[in-house]
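Everything numeric in this text was worked out from a predicted model, so none of it was measured. Below, chains carry the letters A, B, ... as their sequence lines are ordered, and counting in each starts from 1.
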There are 2 protein chains.
Amino acid sequence: MNATPVPPRAVLSEPAQDRVFAALANGTRREVLCLLRDGGPQPVQRLAEHFAMSRPSLSEHLKVLRQAGLVSEQRAGRQRIYRLEAAPLGEVQDWLGPYERFWRAKLASLGELLDRLPDDPDAPDDEAQ
Amino acid sequence: MNATPVPPRAVLSEPAQDRVFAALANGTRREVLCLLRDGGPQPVQRLAEHFAMSRPSLSEHLKVLRQAGLVSEQRAGRQRIYRLEAAPLGEVQDWLGPYERFWRAKLASLGELLDRLPDDPDAPDDEAQ
DNA sequence: TTGACGCGTAGGGAATCTCCTACGTATCGT
DNA sequence: ACGATACGTAGGAGATTCCCTACGCGTCAA
C-alpha cells in the first residue's frame with residue numbers, strides 16, 4: 001500500500017524545523033490544524049467559535065502557523081479563509097523515519113511485557129517540577 | 001512486511017504533547033536525539049563533544065528531553081548514560097496519521113508543478129485564484 | 001584523605017511566548 | 001456617507017526559554 005511515488009522533498013532548514021515544531025507545541029494551534037483538516041478551509045470567525053480566548057489571540061496563533069508554513073490565508077471580501085498546508089508535516093514525518101525502528105522495537109518488548117502482567121497500572125503521570 | 005502487532009498505545013495528555021513538540025523545537029535537542037540514535041547510549045561528556053555550548057547548558061537540554069520522556073538516564077559510576085526513548089515519537093507519528101493524505105495530495109500536484117518550473121522562488125506562498 | 005572528574009542545579013540576564021485590551025484598516029449593508 | 005463587521009496589529013504584563021558562570025555533590029584515583 002506504499003504505491004505513492006513520493007516526489008523529492010525540499011529539506012527544511014534548521015530554523016524552519018524549529019518553527020514547525022514550536023508551532024505544534026501548543027494545544028490551541030494543534031486544534032486549529034485539526035479544525036482545518038476536518039472542516040476544510042474556514043474564516044477566522046468560524047475557527048474562533050471553538051476557543052475561549054479572545055479573537056486577537058487566535059489571530060496571533062494563526063500568524064505562528066503561517067510563519068511555520070502550516071496554513072495559508074486567502075482573502076475573500078472582509079473574511080480571510082485559512083487553509084491547512086500539510087507539507088511541513090510531511091517533513092516531520094520524514095524526520096521521524098530514522099527513529100521508527102526504535103519505538104517499534106520498544107513497543108514489541110513492551111507489548112510482550114504487558115501481556116504478562118495481570119492489570120494495567122494506568123499511567124503514573126510523572127508530573128515533576 | 002507489516003507483521004508487527006502494534007500494541008495499544010497510551011495517548012499522551014495535551015500538556016505531554018506540548019512538552020514533546022517543544023522539546024523537538026530546538027536544533028541542539030534534535031541533534032542529541034540523533035546522536036543517541038546513531039551512537040547508542042552515551043554519557044553526557046561524549047554528547048557534549050559535539051556542541052559549542054557550555055556543558056551545563058547541555059544538561060538543561062537533557063532535562064527538557066527527560067521531562068518529555070524522549071531520553072532516560074542511567075547512573076554508572078560518576079557518569080550518567082543517556083538513552084533514546086522513542087515511544088513519544090511514535091505518538092507524534094500517530095498524531096500525524098490523519099494529516100498524511102493531505103500532504104500526499106499536495107505533493108502529487110506540487111510535484112507536477114515543480115517539474116515544470118525552472119527554479120524555486122522561496123515563495124511567500126500565496127496562491128492566486 | 002585529598003584532589004580531579006562527571007554531572008546537576010542555582011541564579012541571572014536577554015529574548016521570546018501567550019494572553020489581554022485598545023485601536024487601525026478594509027469591506028459590506030443601508 | 002454611515003455604522004457594523006471581520007480581521008490584523010500595537011503595546012503591555014507575566015511566564016518561560018536559552019544561554020552563561022559559579023557552585024554543590026557523588027565518585028574515582030593516588
Practice prompt. For DNA chain C, note the earliest and the latest nucleotide, 5' to 3', having some atom under 4.0 Å of a heavy atom belonging to chain A.
Written response: C:dT18 to C:dC28
Worksheet entry | Option among A:Gln45, A:Arg75, A:Gln74, A:Gln42 that satisfies the side-chain contact (heavy atoms from CB on, under 4.5 Å) test with A:Arg80 | A:Arg75
Item to complete: Please list, chain by chain and in numerical order, all residues satisfying side chain to side chain donor-acceptor pair (under 3.5 Å) with A:Ser59, sequence neighbours excluded.
Response: none
Item to complete: Check salt bridge (charged side-chain N to carboxylate O under 4.0 Å, His left out) between A:Arg66 and all other residues, then give those that pass, not counting sequence neighbours.
Response: A:Glu73
Worksheet item: Could you write nucleotides 25-30 of chain D as a row of B, S and -, 5' to 3', where a protein heavy atom under 4.0 Å of any base atom gives B, of only sugar-phosphate atoms gives S, and otherwise -?
Response: -BBB--
Discussion item. Between B:Val44 and B:Ile81, is there a side-chain heavy-atom distance shorter than 4.5 Å?
Written reply: no
Item to complete: Return each pair, listed once, that meets ring-ring contact (aromatic ring centres under 6.0 Å, His included) where at least one residue sits in residues 44-66 of chain A; pairs must be two or more places apart or across chains.
Response: none
Discussion item. I'd like to check the side chain to side chain donor-acceptor pair (under 3.5 Å) partners of B:Thr28; sequence neighbours left out, ordered by chain and number.
Written reply: none
Practice prompt. Using the salt bridge (Lys or Arg N to Asp or Glu O under 4.0 Å) rule, collect all pairs that involve residues 32-56 of chain A, keeping only residues at least two apart or in two chains.
Written response: none
Discussion item. Filter on ring-ring contact (aromatic ring centres under 6.0 Å, His included), then keep only pairs touching residues 21-44 of chain B, sequence neighbours left out; what's left?
Written reply: B:Phe21-B:Trp95
Worksheet entry | Pairs satisfying salt bridge (Lys or Arg N to Asp or Glu O under 4.0 Å), at least one member in residues 19-33 of chain A, at least two apart | A:Arg30-B:Glu14, A:Arg30-B:Asp18
Worksheet item: For residues 27-56 of chain B, which residues have at least one heavy atom under 4.0 Å from DNA chain D?
Response: B:Arg29, B:Met53, B:Ser54, B:Pro56
